[in-house]
*Asks:* 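Dropping a structure here in structure tokens format, bear with me for questions.
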Amino acid sequence: MGIGELDREAHVPEVTGAAAAPRTLAEALRARGDEGLAALLRARPDLLSPVPNDLTQLATRAGTRGSVVRALERLDRFALQTAEALAVAPDPAPYPVLLALLTGTEGDPEIEAALPGAVALLREQALVWGEDDRLRLVRTARELLAPSAQHPSPTGLGPTVAEATSGMSPGRVQEIIAAAGLPATHDPVSAVAGLTGLFTDRARMDALLDMASPDALAVLDRLVWGPPYGEVTANPAPPVRWLRDRGLLLPVSPRTMVLPREVALHLRGGRAHRAPEPLAPQPGVQREYRPQVVDNAAAGQAQLALATVEELLKSWDRGGPQVLRAGGLAVRDLKRTAAALDVPEETAAFWLELCYAAGLLASDGEADERYAPTPAYDDWLDLPPAERWAVLVTPWLAATRTPGLAGGQDAKGRTLSVLGPDLDRAAAPEVRHRVLGLLATLPPGSAVEPESLFARLRWERPLRGAAQARAEDAEAQAAGTVPGDLRSRLARWTLAEAELLGLTGRGALSGPARALLNLPLAEAASAAEPGGGVEPEVAAGRAATLLAPLLPEAVDHVLLQADLTAVAPGPLRRPLADALAVLADVESKGGATVYRFTPGSVRRALDSGQTATDLHEFLKAHSRTPVPQPLAYLVDDVARRHGHLRVGGASAYVRCDDDTVLGEILADRRSSSLGLRRIAPTVLAAQTDPASLLEGLRSMGYAPAAESAEGDVLITRADAYRTGARTAPVPVPDGPPAPDATLLGAAVRAIRAGDRAATAVRKEPAAPTAAGALPRTSAAETLATVQAAAMTGSAVWIGYVNAEGAASQRVIAPVRVEGGFVTGYDHTADEVRTYPLHRITGVAELADDQV
């Protein structure tokens, strides 16, 4: 079927019946039921801010450029291709025209089956309106998607013959139709119509192209799928001249030719797109595992995640690195953190941002601002391991912070730093949920093939991904990553982060993760969005319950060895872990943690107030092996020398009962920087503070102890530094929040009520008023009319001016009139209200059929 034949079908007379075809988008919305309006507001929540007064205002708002752009960005590829095809079709377009543009002359069963759903989706979102015989794309969407010289169409099509010849002289048009073998006409309009009819008639068009040379056909082949514009010289080659003379190429400037849309569609076989994609690509399975293997692997990762977070924040117990002036963490501090955790810098950035998103880490807000754990970290440590894991993964799902962008540059060329500003990406939560939801569609234990997953995400949001790709490419190049659309990069980061957190094991979704997302545990979930209808706290509790049996039991013992090390055969219980962290240093981590005892670590335990006897008893009580002799000797040796020297604060002083030791210190060249001098046989004074003096003497090999002004030994417990109470960062919303059922119901009722008031038919007043003007009646007439309406139970139309001077028209059903006020049911607001009579400008009765 040719385009010309389809055009003739576009002029099918409107169907007559009980309801006439809508003439505007507002009329189409008015014909919808409440569920249809609710579906529109649910899909496009920006239309609710604020709630429209009536359906005319809703239709106007739905056609604004910003709202249409947001709606187009959320279309899947086939729905977008359907809208793009409508943008190059006649307006209005019958359904067969649209179908032919997508299937071509040969047809396609998959497209024929998928097109009704795509049209229904566009109609639901008010991007398309009208019956199937007169489909109309909203004007703003047509302007965005239709081809033009400044804005090429995604279809690759150019302007129509009528559009391309609009500025051409009538004589030149007659020359073209004569060269094409058409009879001359008396006006350019009929000439353009004749040329269009030629290009849309398949038989005559085939005959015309049979006369073209191979070189001329090659020129058309280069332009047929776009871009349709090509540059020519002042004296074009013979093949181009032949095409130009017959209107197969039309000039748009002295050096630019364009392939008319009708010619391109003929060469394409009637298709608007080279490759329509009616079906969403399905994520592929890379490898399959037993679900129990996946759950065990994920539990191991979850345990490692808890240990990593605890190690990170424990290292910042006394206060972490300083905050940069512009906010965030310095690169050198990130490198130190990565080295301490023995992970790449990108992974360290993720752990830092995770702690920040969970509210466990923040800046202290002091003048010399630095990062430190928050009081919530101490509460987190007291929770069972599975609940600690849930505290981490729940905010991760909703966080808009994107650590993968750290190291790149913003639009102004400034480096993006970890924990700094400008790392929020509003699309991150939606992508995380969608990635995990797609993993859940696979059979349990199946690891996804990443590229197929990214292809699916690109199909679901093609327009949004393309726009974001252009905005993010420079940022990706600065960060040394592969440029690409942000959604694919977020998906790639999501897969890696989910594995680090234990939501996935060996690339497959775990059972606890399914519970966290409120998905079925025994079989693949549907493609619906996860987490619907269940509070995140409830879902997190279910996930923690499933994870708890998979985590290793905490142990209350270690294995002491003769090489001054202790092996923890599993996660240690909290009191034992805290005590051992003071007495020994962590040497290696993994399934079993290895601690090493050193003179410095033993002295640290003695400084915290313990004695040698306490340490011996502690080691004996918590070791499954005898205490090795070297370790016992180490404890006794350090304890014997500990506190032999005393440091206090005059400015600072050193006190020792053995004056020979003080003499050794004075004679040691390394003490010169301390500014020591003897003020008594057993006392040295220093020109530095006590803390620096303690550190200096320890570096010389002594084991001094601090003392108070009363001469008592100061116990330096490992008291942690904490910030003030801090709340976790609030995610940046990706547009207006999705409305709940209560808000949708109230909004639909308000819009319906306002529309009834706006469209109510009123009796003609005795003195005619200008269109849209408020009714004007005297005070006596107003009082008499509303009293009569209250007695008869009828509704009236009033003009009202509120206390701020804003005028409005309302339809009310008066119930009571007394004391200068009228009380009645306001159909516009859908509630009972009271209005002062002196603020009513006038009143008019409704027509009989509206009462």
Side-chain angles (χ1 to χ4, degrees), residues 302-323 329 333 337 340-341 348 350-366 368-396 398-399 401 419 501-502 536-537 540-541 543-544 547-548 551-556 568 570-586 589 593 595 601 604-605 607-610 618 622 715-730:
Q303 182 66 37
L304 182 59
L306 297 178
T308 302
V309 169
E310 186 174 344
E311 179 183 359
L312 168 62
L313 295 180
K314 185 175 291 185
S315 67
W316 288 9
D317 247 357
R318 299 296 184 89
Q322 289 187 338
V323 180
L329 193 68
D333 294 322
T337 303
L341 297 178
F350 164 69
W351 292 121
L352 286 167
E353 287 288 349
L354 179 68
C355 294
Y356 180 57
L360 308 180
L361 175 69
S363 60
D364 59 8
E366 301 294 336
D368 184 17
E369 195 172 17
R370 60 180 58 246
Y371 291 105
T374 65
Y377 168 61
D378 298 310
D379 298 333
W380 180 78
L381 287 175
D382 294 334
L383 295 174
E387 294 183 23
R388 277 189 278 150
W389 175 81
V391 169
L392 294 179
V393 296
T394 303
W396 173 77
R401 301 283 301 176
L419 302 177
L501 286 171
E537 294 77 9
L547 179 65
L551 295 176
E553 288 288 340
V555 298
D556 61 352
L572 298 177
R573 292 184 178 176
R574 177 61 47 203
L576 175 58
D578 292 339
L580 195 59
V582 177
L583 181 57
D585 299 322
V586 176
K589 297 169 292 183
T593 305
Y595 294 85
S601 67
R604 187 170 63 230
D607 284 344
S608 67
Q610 300 185 68
F618 171 80
H622 294 93
I715 297 175
T716 56
R717 298 188 183 277
D719 293 328
Y721 176 73
R722 296 289 181 264
T723 69
R726 295 285 190 274
T727 56
V730 178

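Hydrogens, waters and symmetry mates play no part in the numbers below; they use all other heavy atoms, side chains included. The residues of the chain are indexed from 1 along the displayed sequence.
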*Asks:* Is the shortest side-chain heavy-atom distance between Pro321 and Arg370 below 4.5 Å?
*Replies:* no
*Asks:* Extract all donor-acceptor atom pairs below 3.5 Å that involve side chains of residues 381-391 and protein atoms in other chains or at least two apart in sequence.
*Replies:*
{"from": "Arg388", "atom 1": "NE", "to": "Leu383", "atom 2": "O", "distance (Å)": "3.2"}
{"from": "Trp389", "atom 1": "NE1", "to": "Leu501", "atom 2": "O", "distance (Å)": "2.7"}

*Asks:* My understanding is that only residues two or more places apart in sequence, or in another chain, count here; which of them pass salt bridge (charged side-chain N to carboxylate O under 4.0 Å, His left out) with Asp585?
*Replies:* Arg604
*Asks:* Kindly write out the residues that satisfy side chain to side chain contact (heavy atoms under 4.5 Å, CB included) with Asp578, not counting sequence neighbours, or none if the list is empty.
*Replies:* Lys314, Arg574
*Asks:* Side-chain contact, heavy-atom cut-off 4.5 Å: Leu572 with Asp556?
*Replies:* no
*Asks:* Between Val582 and Ala605, which heavy-atom pair has the shortest distance, and what is it?
*Replies:* CG1-CA, 3.8 Å
*Asks:* Only pairs at least two apart or in different chains count here, so list each salt bridge (charged side-chain N to carboxylate O under 4.0 Å, His left out) that has a residue in residues 720-729.
*Replies:* Asp317-Arg722, Asp378-Arg722
*Asks:* Donor-acceptor pairs are to be reported for all side-chain atoms of residues 350-363 against protein atoms at under 3.5 Å, with residues two or more places apart or in another chain.
*Replies:*
{"from": "Glu353", "atom 1": "OE1", "to": "Arg401", "atom 2": "NE", "distance (Å)": "2.9"}
{"from": "Glu353", "atom 1": "OE1", "to": "Arg401", "atom 2": "NH2", "distance (Å)": "3.4"}
{"from": "Glu353", "atom 1": "OE2", "to": "Arg401", "atom 2": "NH2", "distance (Å)": "2.9"}
{"from": "Glu353", "atom 1": "OE2", "to": "Leu419", "atom 2": "N", "distance (Å)": "2.7"}
{"from": "Ser363", "atom 1": "OG", "to": "Glu369", "atom 2": "OE2", "distance (Å)": "2.9"}

*Asks:* Supply the atom-to-atom distance Tyr371 OH to Gln322 CD, rounded to the nearest 0.5 angstrom.
*Replies:* 11.0 Å
*Asks:* So do the side chains of Glu311 and Leu341 get within less than 4.5 Å of each other, counting heavy atoms only?
*Replies:* yes
*Asks:* Could you tell me which residues satisfy ring pair (Phe, Tyr, Trp, His ring centres under 6.0 Å) with Tyr595, sequence neighbours excluded, listed by chain and number?
*Replies:* none
